[in-house]
Amino acid sequence: MLAETTPRKTISFYKYFPIEDPQQFRDDLYRKFEALKVFGRIYIAHEGINAQISVPEPNFEAFKETLYCFHESLYGIRLNIAVDDDGKSFWVLRMKVRPKIVADGIDDPSFSLERVGKYLKAEEVNRFIEDENTVFVDMRNHYEYEVGHFVNALEVPSDTFREQLPMAVEMLKDKKDKNIVMYCTGGIRCEKASAYLLHKGFENVYHVEGGIIEYARRAKEQGLPSKFIGKNFVFDERLGERITDDVIAECHQCGKPCDTHTNCKNDGCHLLFIQCEDCKQKYEGCCSEACVEEYKLPVEEQKARRAGRENGMKIFNKSKDHPLRKHRNVWKSQRMEQGADMSLHHSE
Ligand SMILES: [Zn+2]
Ligand SMILES: [Zn+2]
């Protein structure tokens with residue numbers, strides 16, 4: 001790894017299109033990107049490509065040309081470029097072939113991503129949201145919905161996307177005559193979800209182009225009122241970008257209005273939860289008294305405790321009784337299964 005001083009652009013993109021030989025596709029693309037000193041994570045599957053990368057600024061035009069010409073389906077592909085990013089998010093190029101770019105649990109061979117819902121741009125989203133014949137459906141996880149969502153959007157209350165798909169169909173079964181608008185953070189999940197609803201016989205299916213990130217960017221650019229209220233959760237150090245001043249969530253410890261996510265300071269926990277300033281003081285950034293106690297132990301002793309607990313913790317983590325634990329499971333499954341919606345890292 002060479003120390004690099006060239007400025008980099010952080011870019012994400014995804015595209016669903018049939019790739020016949022993902023391994024060959026991967027090897028060819030890898031060679032081209034490597035030559036351009038592209039870093040980052042890219043997943044390739046029979047269903048398409050999902051990438052979060054950084055490109056040295058001087059190579060940006062060459063990169064674009066390479067990508068556009070690499071496959072006809074990639075010509076003119078929309079690139080999300082992070083604005084407030086130092087481009088230092090990656091140091092190597094990792095390109096992997098996976099069964100899916102977004103794990104969906106669908107094993108129906110007749111399901112196709114060739115027919116997806118219609119894209120909606122920001123101004124169209126605002127028009128649809130006023131229409132009482134339209135239902136907005138949030139295809140993200142609970143902790144994301146909790147701090148921000150489109151006005152009156154339905155939450156699909158499950159921990160994983162694969163569980164959400166059949167659940168959404170069930171929840172919407174009496175609404176087949178309505179317009180269904182699906183959305184997620186960067187568009188990759190709701191695009192697949194829109195195809196799934198069409199597959200299940202829904203007719204008027206739409207999705208927000210580029211997800212919340214692109215909606216917020218365009219609404220701001222065009223001076224439109226934001227119909228997305230609260231915060232857009234993103235996986236960067238801020239754990240969320242404020243879209244409007246509305247605080248729609250509560251501190252998980254005291255119940256006061258609050259929408260600041262944090263990770264428990266105890267290294268043996270790292271639970272993702274919402275904590276207000278007062279509770280942060282009181283619990284020293286931890287999620288519970290038990291974690292405060294452990295956090296204060298000498299580092300060696302903390303390590304020893306964790307080592308002895310590994311299995312016990314896993315079992316405890318499966319329990320949904322502990323409201324805070326539940327969030328941790330969501331966080332973990334999100335990272336593992338959908339490590340995939342990498343546009344999540346972006347915050348424009
Ligand atoms: Zn609190
Ligand atoms: Zn904790």
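Only heavy atoms go into these numbers, but all of them, side chains included; no hydrogens, no water, no symmetry mates. No experiment lies behind these values; they were computed from the predicted model shown. Counting convention: from 1, in listed order, for ligands and their atoms alike.
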> Yes or no on salt bridge (Lys or Arg N to Asp or Glu O under 4.0 Å) for Arg217 and Glu221, after CA distance, side-chain angles and deciding distance?
CA-CA 6 Å; Arg217 194 186 68 77; Glu221 194 178 274; 2.9 Å; yes
> Kindly write out the residues that satisfy ring-ring contact (aromatic ring centres under 6.0 Å, His included) with Tyr283, not counting sequence neighbours, or none if the list is empty.
none
> Taking both backbone and side-chain atoms into account, decide whether Cys286 has an N/O/S atom under 2.8 Å from the Zn ion (ligand 2).
no
> Taking the Zn ion (ligand 2) as the vertex, what is the angle from SG of Cys287 to SG of Cys264, given to 10 degrees?
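About 120° at the Zn ion (ligand 2).
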> Check the side chains of Gln23 and Asp27 for a donor-acceptor pair under 3.5 angstrom, ignoring hydrogens and angles.
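There is such a pair between these side chains.
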> To the nearest 0.5 Å, tell me how far Asp28 CG sits from Met95 CE.
10.0 Å
> Excluding sequence neighbours, so at least two apart, what forms ring-ring contact (aromatic ring centres under 6.0 Å, His included) with Phe60?
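So Phe60 forms no ring-ring contact (aromatic ring centres under 6.0 Å, His included) with any residue.
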> At less than 2.8 Å, how many protein N/O/S atoms surround the Zn ion (ligand 1)? Leave waters out.
4
> Quick one: side chains of residues 197-211, donor-acceptor pairs under 3.5 Å with protein atoms, not counting sequence neighbours, listed by atom name and distance.
unit_1	atom_1	unit_2	atom_2	d
His199	NE2	Asp108	OD2	2.9
His207	NE2	Gly117	O	3.0
Glu209	OE1	Lys121	NZ	2.8

> Report yes if the distance between the aromatic ring centroids of His149 and Tyr183 is under 6.0 Å, otherwise no.
no
